[in-house]
Amino acid sequence: MMPAPELPAGCEPSCHGCRHRRLTAADSLAQKRAYLERVLAPWSDRMAPVEAPAAGERLGYRDRVTLTARWSGEQGWQFGLMRRDELIAIHDCPVHTARVRALVHMLVECLPAGDGLPLAYLHVAGAQATLIVKAHRVHDELLTPVASAAAGIGIDGLWLHCHPAAGRRLFARSGWQLLQGSADSRDSRGFMHGPTAFMQATPGLHARAMRDAAVHVAPGPGVAVLDLYCGLGATLRAWTDAGSATLGVELSGEAVSFAAKNAPQANLLRGTCIQRLPQVREWWSRCASEGVRVAYVNPPRSGLEGEVVAALADELRPDRIAYLSCSAGTLARDLAALEAAGYAVSVIRPYDFFPNTHHIETLALLTRH
């Protein structure tokens, strides 16, 4: 059987049609590896093959998405991506899950017509969906048909978020209203989450990356694990289940609250990693008796903040570091700093978390000399 075609690296997945040459899965993986070998050239000799999801998981996998919403008299409600000033509707995007596609079609049919609803964005996080409106308030009855239909398409919780300044920042602290269902959900691996959760696109491949990180980190009794940018606590649970003393740091208040439920044995700090460095240092000092102290970091695309790199490299100096990155450029910058401080990169493992896009996730494993 021929491999399924996919969009060329660099093209966003969409349903408006791509005029470029379609790539096979093998060609796409080769392009991604070539990109990593170029950006991570100093460590290319230690780069493992790109690990990919099963062939049947290359489409219909994306369960976390933000779509721009627009109303027009000719076309009704449309949901999609902005290209300059044009909205490209992607109601049937092939990388979106069936639940996301069903939700979009339901909204097209059930939302009130006209400009009376200042809906700006649809945000979906698993089984939690949020309608983001640029207004201080909206009359609930406008959304009654939508709330009634949401449960029938696998949506646990449907939210209205009134945020007049929504844009680069989608969410504000106030203005939240649960229109239907439950305020939380469980993902396919049993982790609880809310409407603003960050969720990895391919859970099976993410679980594989976590297992690879765990082999290097080697948690257990007598091993203390510092987990920076810990999110919902999936990795925290892995460390505590193995018997490690564990400290997680995360900025999102919602994520911290769910991390406490998903990994109740872990210690948690809310704030940026820079803000929480004093408490991290105190905890790290208390854990000296554990014998082995290690770190797992999973920062945003901007990578580790300079102060955090300096603290890890020059002060905390964990015995081992596992670094999961969604940006090869910032990973290269941070690896160079850690190498200069006496860490050796043993292996780099790439994962195709986002098939049919140009994105690639990378796990770097480091050991202190």
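The first residue of the sequence shown is numbered 1, and numbering continues consecutively from there.
Nearest heavy atoms, Arg333 versus Ser302: NH2-O, 3.0 Å. Residue Val225 comes nearest to Pro219 through the heavy atom pair CG2-CB, 4.3 Å, listed as atom of the first residue, atom of the second, then distance. Across all non-hydrogen atoms, the minimal contact from Leu236 to Ala259 is CD1-CB, 4.2 Å. Arg46 approaches Ser346 most closely through the heavy-atom pair CG-O, 3.6 Å. Residues Ala52 and Arg58 come closest through the heavy atom pair CB-NH1, 4.0 Å. Between Val65 and His96, the shortest heavy-atom contact is CG2-NE2, 3.5 Å.
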Exercise for review: Start with the C-alpha gap between Cys162 and Leu160, add the side-chain angles, then the distance that decides, and say whether side chain to side chain contact (heavy atoms under 4.5 Å, CB included) holds.
Suggested key: CA-CA 6 Å; Cys162 295; Leu160 171 65; 4.1 Å; yes
Point to revise | Audit row: His359, Lys32, side chain to side chain contact (heavy atoms under 4.5 Å, CB included) steps and yes/no | key: CA-CA 8 Å; His359 299 293; Lys32 292 184 180 187; 5.7 Å; no
Practice item. In sequence, state the C-alpha distance, the side-chain angles, and the governing distance for Val345 and Leu365, and then conclude on side chain to side chain contact (heavy atoms under 4.5 Å, CB included). Key: CA-CA 6 Å; Val345 178; Leu365 305 177; over 6 Å; no
Check your understanding: Taking it one step at a time, do Val108 and His91 satisfy side chain to side chain contact (heavy atoms under 4.5 Å, CB included)?
Key -> CA-CA 9 Å; Val108 168; His91 296 180; 3.6 Å; yes
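When side chains are defined from C-beta on, Glu57 does not count as touching Thr202, because their heavy atoms never get closer than 4.5 Å. Using a 4.5 Å heavy-atom threshold, the side chains of Leu36 and Ile348 count as separate. Side-chain contact between Tyr229 and Leu304: present, with at least one pair of heavy atoms (C-beta onward) separated by less than 4.5 Å. With a 4.5 Å cut-off on side-chain heavy atoms, Val104 and Asp92 do not count as touching. Between Glu361 and Leu324, some side-chain heavy-atom pair lies under the 4.5 Å cut-off. Leu40 is listed as a side-chain neighbour of Met47, based on a closest heavy-atom distance under 4.5 Å. Annotation: side chain of Val294 is in contact with side chain of Val223 (closest heavy-atom distance under 4.5 Å). Counting heavy atoms from C-beta on, the side chains of Asp212 and Tyr351 come closer than 4.5 Å.
Considering CG of Asp63 and OG1 of Thr97, their distance stands at 4.0 Å, rounded to 0.5 Å. In this structure, the separation between CG on Leu179 and OG1 on Thr144 is 8.5 Å, given to the nearest 0.5 Å. With values rounded to the nearest 0.5 angstrom, Phe79 atom CZ is found 5.0 Å from Leu111 atom CG. One finds the CD atom of Glu37 at 10.0 Å from the CG atom of Asp45 (value rounded to the nearest 0.5 Å). Atoms OG1 and CH2, from Thr362 and Trp43 in turn, are 11.5 Å apart once rounded to the nearest 0.5 Å. Atom NE2 in His216 sits 8.0 Å away from atom CD1 in Ile321 (nearest 0.5 Å).
Cluster membership check: Val249 does not share its hydrophobic cluster with Leu232, using side-chain heavy-atom separations under 4.5 Å among Ile, Leu, Val, Met, Phe, Trp and Tyr. Leu205 and Met210 fall into different hydrophobic clusters, defined by Ile, Leu, Val, Met, Phe, Trp and Tyr side-chain heavy atoms under 4.5 Å apart, directly or through other members. In terms of hydrophobic clustering, with Ile, Leu, Val, Met, Phe, Trp and Tyr side chains grouped at heavy-atom distances under 4.5 Å, Val133 and Met106 are assigned to a common cluster. Linking Ile, Leu, Val, Met, Phe, Trp and Tyr whenever their side-chain heavy atoms come within less than 4.5 Å puts Leu312 and Ile274 in one cluster. Hydrophobic clustering (side-chain heavy atoms under 4.5 Å, transitive across Ile, Leu, Val, Met, Phe, Trp, Tyr) keeps Phe258 apart from Leu247.
Checked against Val309 for a side chain to side chain contact (heavy atoms under 4.5 Å, CB included), the options Val297, Asp334, Asp314 give a single hit: Asp334.
Side-chain atoms of Arg186 and His193 form no donor-acceptor pair, as typed in the model, at a separation below 3.5 Å. Between the side chains of Gln177 and Asp140, at least one donor N or O lies within less than 3.5 Å of an accepting N or O. If you check the side chains of Tyr323 and Asn298, you find no donor sitting under 3.5 Å from an acceptor. Side-chain contact of Thr130 with His161: a donor-acceptor pair under 3.5 Å is absent, judged by distance alone. When only modelled atom types and interatomic distance are considered, Ser182 and Asp156 share no side-chain donor-acceptor pair under 3.5 Å.
Panel note: side chain Ser28, backbone Ala25; no donor-acceptor pair is recorded below 3.5 Å. Checked by atom type and distance alone, the side chain of Tyr61 pairs as donor or acceptor with a backbone atom of Pro355 at under 3.5 Å. Side chain of His123 to backbone of Leu67: no donor-acceptor contact under 3.5 angstrom is found. Proximity of a side-chain donor or acceptor of Lys134 to a complementary backbone N or O of His163 within less than 3.5 Å is not detected. When atom types are taken as modelled, the side chain of Glu86 and the backbone of Arg83 share no donor-acceptor pair closer than 3.5 angstrom. The backbone N or O of Leu316 sits less than 3.5 Å from a side-chain atom of Trp284, completing a donor-acceptor pair. Between the side chain of Asp319 and the main chain of Arg293, a donor-acceptor pair closer than 3.5 Å is present. Side-chain atoms of Ser285 do not come within 3.5 Å of backbone N or O of Arg281 as any donor-acceptor pair. A donor-acceptor pair under 3.5 Å is formed between the side chain of Arg317 and the backbone N or O of Ala341. A donor-acceptor pair is defined here as one N or O able to donate and one able to accept, closer than 3.5 Å; such a pair exists between the side chain of Arg301 and the backbone of Cys326.
Remark: Gln279 pairs with Leu269, Arg276 by the side-chain contact (heavy atoms from CB on, under 4.5 Å) rule, at least two apart or across chains.
The side-chain hydrogen bond (donor to acceptor under 3.5 Å, both in side chains) pairs that include a residue from residues 244-259 are Thr196-Glu254, where partners are two or more places apart or lie in different chains.
Under a 4.5 Å side-chain heavy-atom cut-off, the cluster of Ile, Leu, Val, Met, Phe, Trp and Tyr residues that includes Tyr121 is completed by Ile132, Trp159, Leu170, Phe171, Trp176, Leu178.
A 6.0 Å sphere centred on CD of Glu307 holds no more than 12 heavy atoms belonging to other residues, nucleotides or ligands.
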